Amino acid sequence: MSLLLQKIATKHVKTLIIKYEPCVLVISNRKLNIVPSFYDGEQDPAPKFFTPNVQNLLKRLTRPDFTKVFRKRNNQGLHALKTPKYKFLTKEELELEIAKANEKADVLLQIPPVLKIHKPIDEVLSRDPALIGYDTSKYLFTDITFGIANEERIIIERDTDGTLRSCDHDIRKKLNQVYFPITGRKIREPHMFSDEEKFHNLLDRGEYEFVLDRACIQYEPDEPIFQKITSITYQHVDNNKCYNTLRSTRHFGSMTFYLTWHQSIDNLMLEIIQSGFIREAVLLAALRHDVHNDVREGTAAQSLAQEIFTTPLLLSKLERLTEEDIQLDSKCIQCIEKYIVSNSTIKSQHELALQGFKEDFQHLSELRKGLEKAHGNV
Amino acid sequence: MSLPPASGTGRYFAKAAKSIRLIRQGCTNRPFFHISVTHRRRLNSQPVIEQLGSYDPMPNINNEKLVALNLERLKYWLGKGAHVSTPVSELLGLSGFFPIHPRTYMTAWRNRQQERENLAKQEAENAKEQTAAT
């Protein structure tokens, strides 16, 4: 009985009812035990994150599938759904349309910035004890001059003790929202973020994209609460291996960067190898080398990544391989083998997954050889 | 009814004296003020030349009074020689844009004195009660 209980408890079952002859045992385990980690150390992630190389790697790892990127999310603001238009296009026109779609997708897939947590503002402009007793409430002054960015706006407060000081970030955000509202952002924190029970419920239901989208609107990327929420969500995704729910969305890049920054890409790597995207595994290794510079043969992975960028994006496993594919993939396999030996913390699982991929690859390349032979091209 | 534009709808005469003042916009028992520039000889109910900000004299749930100031336009009208009414200059003084208005100091001092008097009265009452009890 106790063994069974232990087993079930380790599997994070929320509510469990076990009927044992005379009594009913109810175990409730609602709380998630994920410890959020922040970008608050000595190192600032922003310079690394914004380098074009890292951005390209993250975008490629997102594996954007346009059917998901451009899917209908809701019909808010639409009186009636529009019927799709079908057109006959020449090849040039089609290329133009595809270029337009790519541009739109780039906007939709822009990765939310990764920044260090901001420092509190504590700037006293003047102290005037003669003002004590003037009023029992604070005065908040906002400069509403046209054309000033929210971050640079002058927002100051006169305390009841006569001190004139710059406002801290939370009050700045509130007043900016009062005078220059951002659609979707609420002045009061939404319950789904402030109420832990509700937040965990959302995570358990796998509504990661909803949580992350809303967090992006509600908070600034350098706020501690934003980093706490995203951190818990990313770890939840990582623990449950639901990477596919975030693929083709703008949050996959942030998540990958988060996992790389906090040295926990093993699960992601395993999932990528298991699903047969060996090239993405190389990209991930290159990303790790870019961020931490700790991968042996990392420069080789980086040059291989540059080679991979020239090949078209794959959304699923290839059914037929060309000669170039075979060459590139065998290089990738070698690279990943070295990576597993030097950097992996779950070596046996990675090796097993790679072995599976190798068998598949072997099968496909033999198929190709047979086909070539059948066509009389050898 | 839609709000008038911040640029104001009042007629503008270049040489007439201007005044920056609080103009009451709220309804009964709920004051709310616009900080506006208008002609000095014009009534507050008439259209203004331009709105420069707002002032909510009722504290919100966090016990804060919100003031918005368009500092750029304020500077412009001050440069044009606009007269500033006392309540507005008190607000500008509190915001650190002007030196603190003497009336602000006066109010603060009177409030403090009032509080002291109230305290003294209460103490006297307490003492009286104690003596009555003994």
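Naming: A, B, ... by sequence-line order, numbering from 1 per chain. Note that the structure is predicted; figures quoted are calculated from it, not measured.
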*Asks:* A quick test of your reading: do over 12 heavy atoms of other residues, nucleotides or ligands sit less than 6.0 Å from CZ of A:Arg127?
*Replies:* no

*Asks:* Checking heavy atoms, do the side chain of A:Ile154, its backbone, both or neither come under 4.5 Å from chain B?
*Replies:* side chain

*Asks:* Give, as side chain, backbone, both or neither, the part of A:Leu175 having an atom under 4.5 angstrom from any heavy atom of chain B.
*Replies:* side chain

*Asks:* For B:Arg24, is the CZ atom crowded, meaning more than 12 foreign heavy atoms sit under 6.0 Å from it?
*Replies:* yes

*Asks:* Between A:Asp135 and B:Lys65, is any pair of side-chain heavy atoms under 4.5 Å apart?
*Replies:* yes

*Asks:* Minimum heavy-atom separation for A:Tyr134 and B:Asn111, please, with both atom names.
*Replies:* O-ND2, 3.1 Å

*Asks:* Within a reach of under 6.0 Å around NZ of A:Lys116, are more than 12 heavy atoms found that belong to other residues, nucleotides or ligands?
*Replies:* yes

*Asks:* Check whether more than 12 heavy atoms from other residues, nucleotides or ligands sit under 6.0 Å from atom CD of A:Gln177, and answer yes or no.
*Replies:* yes

*Asks:* Relative to chain A, which segment of B:Glu90 carries a heavy atom at a distance below 4.5 Å: side chain, backbone, both, or neither?
*Replies:* side chain

*Asks:* Counting only heavy atoms not in A:Arg71, do more than 12 sit closer than 6.0 Å to its CZ atom?
*Replies:* yes

*Asks:* Kindly determine whether B:Asn70 and A:Phe146 satisfy side-chain contact (heavy atoms from CB on, under 4.5 Å), including the steps that lead there.
*Replies:* CA-CA 8 Å; B:Asn70 191 338; A:Phe146 178 74; 5.6 Å; no

*Asks:* If you count the non-hydrogen atoms of other residues, nucleotides and ligands that lie under 6.0 Å from CZ in B:Arg30, is the total more than 12?
*Replies:* yes

*Asks:* Heavy atoms only: give me the nearest B:Leu66-A:Tyr179 pair and the separation to one decimal.
*Replies:* CB-OH, 3.6 Å

*Asks:* To the nearest 0.5 Å, what is the distance between CG on B:Leu71 and OG1 on A:Thr145?
*Replies:* 5.0 Å

*Asks:* Let me know if B:Tyr55 has heavy atoms under 4.5 Å from chain A in its side chain, its backbone, both or neither.
*Replies:* side chain

*Asks:* Taking the side chain as every heavy atom from C-beta outward, state whether A:Leu131 and B:Ile100 have any atom pair closer than 4.5 Å.
*Replies:* yes

*Asks:* Check whether more than 12 heavy atoms from other residues, nucleotides or ligands sit under 6.0 Å from atom CD of B:Glu115, and answer yes or no.
*Replies:* no

*Asks:* Would you say B:Leu69 and A:Asp143 make side-chain contact, with heavy atoms under 4.5 Å?
*Replies:* no

*Asks:* Chain A heavy atoms under 4.5 Å from B:Asn62: which part of the residue, side chain, backbone, both or neither?
*Replies:* side chain

*Asks:* Does any backbone or side-chain atom of B:Leu74 lie under 4.5 Å from a heavy atom of chain A? Answer side chain, backbone, both or neither.
*Replies:* neither

*Asks:* Might you confirm whether atom CD of B:Gln113 has over 12 heavy atoms from other residues, nucleotides or ligands at distances under 6.0 Å?
*Replies:* yes

*Asks:* For the candidates A:Ile171, A:Thr142, A:Ile155, which exhibits the highest count of non-hydrogen atom pairs separated by less than 4.5 Å from chain B?
*Replies:* A:Thr142

*Asks:* When rounded to the nearest 0.5 angstrom, what distance separates CD1 in A:Ile132 from CZ in B:Arg112?
*Replies:* 6.5 Å

*Asks:* Closest approach of B:Leu52 and A:Ile144, non-hydrogen atoms and distance?
*Replies:* O-CD1, 4.4 Å

*Asks:* Please check if the side chain of B:Asn63 supplies one atom and the backbone of A:Thr136 the other of a donor-acceptor pair under 3.5 Å.
*Replies:* yes

*Asks:* By a 4.5 Å heavy-atom criterion (distance strictly below it), what part of B:Glu64 contacts chain A: side chain, backbone, both, or neither?
*Replies:* both

